[in-house]
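Note that ligands are numbered from 1 as they come in the structure, with each ligand's atoms numbered from 1 the same way.
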Amino acid sequence: MTEPVPVIAIDGPSASGKGTVASRVARALGWHYLDSGALYRLVALAARRAAVGLEDEAGLAALATDLAAEFAGNEVFLDRREVGRELRGEDISAAASRLAAIGAVRCALLDRQRAFRRPPGLVAEGRDMGSVVFPDARTKVFLVASPESRACRRHKQLMEKGLPANMDDLLQELRERDARDAARVHAPLRKCSDAVLLDTTEMTIEDAVAFVLTLAKGNQPRSTAEGGAGPQAGAA
Ligand code: DC
């Protein structure tokens, strides 16, 4: 029997570092990478452009179904225009969090996310990678960090991109977004029972990447594993 294409699912709240960790793990393994949050952000941007309101569930689901999105390396395109920087603005973050609560939007994005699962493997990051999109993922990580350290990282990211940022506002927005992502009915942000908890508050990116790589190596099928135990710290 052929093995399914392996998936490493990394879920967690915004600015927990999962994007950086997931993309570096993907690069280290030579696997594909899915930033599922970017899809929700793209729907938010498409809605703004088409003047579709956040209360128009059918209109948003239609936009999600027809989304003309493309990913190439670190670049993201909507209708053939590069929009990576635009997607990171706080207004788009807030809108994405709101429309991500709509079941029809989530449903419309499901197959598009699953299409990223191609050989030799996929590292997927988001809120429901391990719970809904790839429940059979071989490796599942729930990555967290304190709200203060996440706000600090987000502040740094925004400043580096030349975008306006205020620490107090960021902290408040993060808390609001966490509450909304965790309280929603459809695919709420929650650690799956089979996910390993990784708290990166006091960790470097390199340590977090090494942790996930070691964990994934320990989860390989016997026929392909080179041996070696999984990580010792941080598992729950
Ligand atoms: O990871 P991010 O901050 O780019 O995600 C933007 C929003 O999209 C976030 O508020 C929650 C939502 N999201 C989601 O509901 N499910 C996912 N798999 C990824 C993101």
Find all atoms of ligand 1 within a distance of less than 4.0 Å from any non-hydrogen atom belonging to [X], and give their numbers and elements.
X: Arg177; answer: 3 (O), 10 (O)
X: Gly126; answer: 18 (N), 19 (C)
X: Lys18; answer: 1 (O)
X: Ser97; answer: 10 (O)
X: Met129; answer: 18 (N)
X: Ser14; answer: 3 (O)

Does the distance from a Lys or Arg side-chain N to an Asp or Glu carboxylate O, for [X] and [Y], drop under 4.0 Å?
X: Arg177; Y: Glu173; answer: no
X: Glu148; Y: Arg175; answer: yes
X: Arg49; Y: Glu86; answer: yes

Among Leu54, Asp91, Val43, the one residue meeting side-chain contact (heavy atoms from CB on, under 4.5 Å) with Arg48: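 Per the side-chain contact (heavy atoms from CB on, under 4.5 Å) rule, the option paired with Arg48 is Asp91, out of Leu54, Asp91, Val43.
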Partner of Arg190 by side-chain contact (heavy atoms from CB on, under 4.5 Å), out of Ser193, Cys192, Pro188: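 One option only clears the test, and that one is Pro188.
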Heavy-atom pair of closest approach, residues Ser97 and Asp181: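 Taking every non-hydrogen atom into account, OG-OD1, 3.2 Å.
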Any donor-acceptor pair under 3.5 Å from Thr201 side chain to Ser146 backbone: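 Side chain of Thr201 to backbone of Ser146, a donor-acceptor pair under 3.5 Å: yes, one is there.
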Whether Arg150 side chain and Ser14 backbone form a donor-acceptor pair below 3.5 Å: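 Judged by distance alone, yes, a pair lies under 3.5 Å.
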For ligand 1, the portion of His186 having any non-hydrogen atom under 4.0 Å away: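 For His186, there is no contact with ligand 1 at all, from either part.
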Ligand 1-proximal atoms of Asp181, by part, heavy-atom distance under 4.0 Å: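 The side chain, only.
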Which residue and non-hydrogen atom of the protein lie closest to [atom], and at what distance in Å?
atom: atom 7 (C) of ligand 1; value: Ala96 CB, 3.9 Å
atom: atom 9 (C) of ligand 1; value: Arg127 NH2, 3.3 Å
atom: atom 12 (C) of ligand 1; value: Ala100 CB, 3.6 Å
atom: atom 8 (O) of ligand 1; value: Tyr40 CB, 3.5 Å

Member of Gln113, Arg106, His186 meeting the side-chain hydrogen bond (donor to acceptor under 3.5 Å, both in side chains) criterion with Asp128: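 Among Gln113, Arg106, His186, the one meeting side-chain hydrogen bond (donor to acceptor under 3.5 Å, both in side chains) with Asp128 is Arg106.
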Does [X] reach ligand 1 with a nitrogen or oxygen that is under 3.5 Å from one of the ligand's nitrogen or oxygen atoms?
X: Arg106; value: yes
X: Gln113; value: no
X: Glu125; value: no
X: Arg41; value: yes
X: Arg184; value: yes
X: Ser36; value: yes

Residue-ligand contact Arg180/ligand 1, heavy atom below 4.0 Å: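 Arg180 does not count as a contact of ligand 1 under the 4.0 Å cut-off.
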Neighbour count >12 (heavy atoms, 6.0 Å) for atom CG, Asn74: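 No.
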Closest to atom 5 (O) of ligand 1 among Gly37, Ala101, Ala9, Gly12 (heavy-atom distance):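 Checking each option, the heavy atom nearest atom 5 (O) of ligand 1 is found in Gly37.
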Common cluster, Val133/Val105, ILVMFWY with side-chain heavy-atom separation under 4.5 Å: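 Yes; Val105 is reachable from Val133 via cluster members.
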Audit row: Phe116, Phe71, ring pair (Phe, Tyr, Trp, His ring centres under 6.0 Å) steps and yes/no: CA-CA 11 Å; Phe116 279 77; Phe71 295 83; 5.7 Å; yes
